[in-house]
Amino acid sequence: DVVMTQTPVSLSLAIGQPASISCKSSQSLLGTSGKTFLNWILQRPGQSPKRLIYQVSKLYSEVPDRFSGSGSETEFTLKISRVEAEDLGVYYCWQGTHFPFTFGSGTKLEIK
Amino acid sequence: QIQLVQSGPELKKPGESVKISCKASGYTFTDYAMNWVKQAPGNGLKWMGWINTQTGKPTYADDFKQRFVFSLETSASTAYLQINNLNIEDTATYFCTKWDYYSEGFDYWGQGVMVTVSS
């Protein structure tokens with residue numbers, strides 16, 4: 001199985017500060033279609049996960065543009081340009097290139 | 001709007017079975033596959049597999065091939081997860097999540113069902 005490694009485990013940031021979360025995969029996530037199926041989701045406290053980013057860098061329509069994703073092959077990054085209160089929760093990367101789909105262990109974002 | 005509404009929490013004893021539901025609304029149920037994801041307490045997320053909502057064919061991840069059954073009631077736009085011969089390690093929240101063929105990812109999630117297995 002593809003192992004997804006996220007760092008840091010947790011972040012504590014003030015409102016307005018930037019955030020950066022790393023996600024590394026044990027195998028390349030570049031698929032035979034030429035697409036890279038690396039996704040990001042956010043699980044707020046007590047809630048189910050919500051979609052954020054698909055195929056490395058594409059934001060779902062409702063996601064604010066302070067979020068961005070980048071990377072290729074095995075190294076990926078989620079950035080928040082300026083953290084807001086509603087951004088708290090656990091961020092997970094997950095890959096959909098190889099079966100079984102696998103998730104990172106999560107990065108908990110706390111607001112100072 | 002698209003919604004996945006799951007059934008309520010369950011408390012079961014080891015060896016029993018449980019069947020949880022995921023009712024979809026706001027889209028054509030048979031147009032999109034349904035996936036299931038497990039989240040054990042304090043743990044991350046684990047993909048269990050998916051079911052083709054057109055054919056009813058399930059595909060299970062290796063760890064979920066033995067006691068887990070995905071099924072459908074398409075007339076009710078509902079997917080089911082049954083877990084047989086429950087053990088303590090099955091204590092978790094189980095999410096259904098809709099597959100999106102455009103993004104090729106999970107676009108909507110149910111609220112989750114907490115299953116507690118305790119003697």
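Throughout, a chain's letter reflects where its sequence line sits, starting with A, and its residues are numbered from 1. Bear in mind that the values here come from a model prediction, so they are computed numbers and not experimental data.
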Test side chain to side chain donor-acceptor pair (under 3.5 Å) on B/Gln39 and A/Gln43 and set out the steps.
CA-CA 12 Å; B/Gln39 186 169 38; A/Gln43 187 173 29; 2.9 Å; yes

Which atom of B/Asn35 lies closest to which atom of A/Phe101, heavy atoms considered
OD1-CE1, 4.3 Å

Is there a path of hydrophobic side-chain contacts, each under 4.5 Å between heavy atoms of I/L/V/M/F/W/Y residues, joining A/Leu13 to A/Ile111?
yes

For atom NZ of A/Lys50, decide whether the heavy atoms of other residues, nucleotides or ligands shown that lie under 6.0 angstrom number more than 12.
yes

Okay, B/Glu104 and chain A: the region with an atom under 4.5 Å from a heavy atom over there is both

Heavy atoms only: give me the nearest B/Trp109-A/Ile41 pair and the separation to one decimal.
CZ2-CD1, 3.9 Å

According to a 4.5 Å side-chain heavy-atom criterion applied to Ile, Leu, Val, Met, Phe, Trp and Tyr, with indirect links allowed, do A/Leu52 and B/Tyr102 form part of one hydrophobic cluster?
yes

If you define the side chain from C-beta out and look only at heavy atoms, does anything of B/Tyr108 sit under 4.5 Å from A/Arg51?
yes

Taking CZ in A/Arg82 as the centre, count heavy atoms belonging to other residues, nucleotides or ligands within less than 6.0 Å. Is the count above 12?
no

Single-linkage hydrophobic cluster, 4.5 Å side-chain cutoff, B/Tyr101 and B/Tyr27 together
yes

Under a 4.5 Å heavy-atom cut-off, does chain A meet the side chain of B/Tyr60, its backbone, both or neither?
neither

Heavy atoms of other groups near B/Lys46 NZ, more than 12 under 6.0 Å
no

How long is the straight-line distance from NZ of A/Lys58 back to OG of B/Ser103, given to the nearest 0.5 Å?
9.5 Å

Tell me if the CD atom of A/Glu62 is crowded by more than 12 foreign heavy atoms within 6.0 Å.
yes

Contact class of B/Phe95 relative to chain A, heavy atoms under 4.5 angstrom:
side chain

For chain B, which of A/Gly106, A/Ser105, A/Pro100 has the most heavy-atom pairs under 4.5 Å?
A/Pro100

So which of B/Gly49, B/Gly105, B/Gly112 has the biggest tally of heavy-atom pairs under 4.5 Å with chain A?
B/Gly105

Honestly, the part of B/Asp63 sitting under 4.5 Å from a heavy atom of chain A is neither

Hey, mind stepping through A/Phe99 and B/Trp47 against ring pair (Phe, Tyr, Trp, His ring centres under 6.0 Å) and telling me if it holds?
CA-CA 10 Å; A/Phe99 283 107; B/Trp47 181 71; 5.6 Å; yes

Based on non-hydrogen pairs under 4.5 Å, which of A/Tyr54, A/Tyr60, A/Phe37 is most in contact with chain B?
A/Tyr54

Following the transitive rule for hydrophobic clusters with a side-chain heavy-atom cut-off under 4.5 Å over Ile, Leu, Val, Met, Phe, Trp and Tyr, establish whether B/Met48 and A/Tyr92 coincide in one cluster.
yes

Give a yes or no on whether the backbone of B/Gly110 and the side-chain of A/Ser48 come within a donor-acceptor separation of less than 3.5 Å.
yes

Are B/Leu86 and B/Met114 linked, directly or through intermediate hydrophobic residues, by side-chain heavy-atom contacts shorter than 4.5 Å (ILVMFWY only)?
no

A/Lys108 NZ: over 12 foreign heavy atoms closer than 6.0 Å
no

Start with the C-alpha gap between A/Asn39 and B/Phe106, add the side-chain angles, then the distance that decides, and say whether side-chain contact (heavy atoms from CB on, under 4.5 Å) holds.
CA-CA 9 Å; A/Asn39 310 279; B/Phe106 308 137; over 6 Å; no

Is there side-chain contact between B/Leu45 and A/Trp94, with at least one heavy-atom pair below 4.5 Å?
no

